[in-house]
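These numbers come from a predicted model, not from an experiment.
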Amino acid sequence: MIQVACGIDIGGSGVKGALVDLDTGEYIGDQIRIPTPNPATPDAVAKVCRELVDQLDVKVGVPIGVTFPAPVFDGVVPYMANLDQSWVDVDVRALMESHLGRAVVPLNDADAAGIAEVAYGAAKGRDGVIVFTTQGTGIGSAIIVNGTLLTNTELGHLEIDGHDAEKMASAGQKTLQGLDWEQWAKRLQRYYGHVEFLLNPDLFVVGGGVSENHDKFMPLLDLKTPMIPAKLLNTAGIVGAAYYAARQS
């Protein structure tokens with residue numbers, strides 16, 4: 001019998017969901033995407049999540065994980081960047097339960113992507129301390145130690161040389177500042193070298209769209225820690241949310 005869970009990935013432009021085969025990490029059927037409502041208030045987004053669950057025909061008892069572009073502490077969002085500010089201090093578990101009529105497991109979107117890469121992707125079968133970073137407008141992070149997720153890390157906001165790290169070394173800044181690969185690699189060297197010094201990880205996994213061009217920057221880095229590109233890319237959030245929810249059930 002296939003083990004099944006549902007993952008929902010809430011982003012600034014779209015809310016995506018799918019059923020996931022927990023044996024393989026692959027979708028069962030198609031992903032469904034609904035544009036993020038504007039304004040993206042808690043009730044409006046929760047209604048979209050209910051619509052997704054109904055369209056996916058998620059059976060009662062199937063675990064549901066929901067990712068957010070923000071930290072989630074004990075089910076509560078302390079601050080929010082990409083959705084409406086009315087999310088701050090909202091009890092996400094209670095909100096979703098009231099709209100969906102069932103419990104959900106909320107988590108940060110980078111955490112979901114990181115645990116997905118360990119369970120099914122680039123870091124599958126790797127033990128030790130794995131540091132996942134997603135390179136985009138900012139730098140999201142996840143730390144997984146022997147398969148256990150340390151939730152809500154913010155390695156993108158480390159202060160390095162007097163700067164917020166993601167303001168210096170994110171893929172978004174590469175684009176904004178018109179940096180070539182060598183220029184950006186120098187900043188990545190400073191960033192990942194600092195993370196390496198602090199955590200002494202066994203593996204770096206780099207996600208985000210820029211990871212598809214890993215051959216243009218990874219060979220330029222001089223680190224003790226092996227670094228590999230993520231594999232799951234666009235499915236990572238949903239897959240990780242489903243996997244994490246199933247493990248918490």
Separation between [atom1] of [X] and [atom2] of [Y], rounded to the nearest 0.5 Å:
| X | Y | atom1 | atom2 | answer |
| --- | --- | --- | --- | --- |
| D180 | K216 | CG | NZ | 11.5 Å |
| T148 | I143 | OG1 | CD1 | 13.0 Å |
| Q55 | R50 | CD | CZ | 12.0 Å |
| M227 | L221 | CE | CG | 5.5 Å |
| E117 | K231 | CD | NZ | 8.5 Å |
| Q135 | Q173 | CD | CD | 10.5 Å |

* To do: Fit a plane to each ring of F217 and W184, take the angle between them on a 0 to 90° scale, and name the class: parallel (under 30°), tilted (30 to 60°) or perpendicular (over 60°).
  => perpendicular
Taking [Y] as the starting point, is it possible to reach [X] by hopping between hydrophobic residues whose side chains are less than 4.5 Å apart?
| X | Y | value |
| --- | --- | --- |
| L149 | V145 | no |
| V129 | L203 | no |
| L100 | V76 | no |
| Y27 | Y244 | yes |
| L199 | L223 | yes |

Donor-acceptor contact present, side-chain [X] to main-chain [Y], <3.5 Å:
| X | Y | answer |
| --- | --- | --- |
| S211 | G208 | yes |
| N108 | A70 | yes |
| Q3 | L22 | no |
| S141 | T153 | yes |

* Take L158 and L198 through the side chain to side chain contact (heavy atoms under 4.5 Å, CB included) test and state the conclusion after the steps. => CA-CA 11 Å; L158 288 171; L198 293 174; 4.1 Å; yes
With the side chain counted from C-beta on, respond yes when [X] and [Y] share a heavy-atom pair under 4.5 Å apart, and no when they do not.
| X | Y | value |
| --- | --- | --- |
| Y243 | V20 | no |
| V205 | I130 | yes |
| T41 | L83 | no |
| L155 | V131 | yes |
| T36 | I10 | no |
| N152 | F73 | yes |
| H99 | K47 | yes |
| K16 | I8 | no |

Nearest heavy atoms of [X] and [Y], plus distance in Å:
| X | Y | answer |
| --- | --- | --- |
| A103 | I64 | O-CB, 4.4 Å |
| A241 | G7 | CB-CA, 4.1 Å |
| V62 | A5 | CG1-CA, 3.7 Å |
| N213 | W181 | CB-CH2, 3.7 Å |
| P71 | P78 | O-CD, 3.3 Å |
| L52 | G17 | CD1-N, 4.0 Å |

* To do: Take D202 and R126 through the test salt bridge (Lys or Arg N to Asp or Glu O under 4.0 Å) and record every step on the way to the result.
  => CA-CA 9 Å; D202 294 286; R126 301 290 290 264; over 6 Å; no
Would you say that more than 12 heavy atoms from the other residues, nucleotides or ligands in this model lie under 6.0 Å from the [atom1] of [X], or not?
| X | atom1 | value |
| --- | --- | --- |
| N234 | CG | no |
| D30 | CG | no |
| D74 | CG | no |

Could you tell me if [Y] and [X] have a donor-acceptor pair between their side chains, going purely by distance under 3.5 Å?
| X | Y | result |
| --- | --- | --- |
| T151 | D111 | no |
| T133 | Y192 | yes |
| R187 | Q177 | yes |

* To do: Just do the side chain to side chain contact (heavy atoms under 4.5 Å, CB included) check on D43 and L95 with the steps written out, would you?
  => CA-CA 8 Å; D43 281 336; L95 170 75; 3.5 Å; yes
* **side chain to side chain contact (heavy atoms under 4.5 Å, CB included) involving K186 - partner list, sequence neighbours excluded** =>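 With neighbours one apart ignored, the set is empty.
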* Asked: Step by step, would you call E159 with D164 a side chain to side chain contact (heavy atoms under 4.5 Å, CB included)?
  -> CA-CA 5 Å; E159 183 178 322; D164 190 64; over 6 Å; no
* Centroid-centroid distance, F132 to F204, less than 6.0 Å ->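 No.
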* **Centroid separation Y79 to W87 less than 6.0 Å** => no
* To do: Before giving the answer on side chain to side chain contact (heavy atoms under 4.5 Å, CB included), spell out for V66 and V92 the whole-Å C-alpha distance, their side-chain angles and the decisive distance to 0.1 Å.
  => CA-CA 9 Å; V66 181; V92 175; 5.7 Å; no
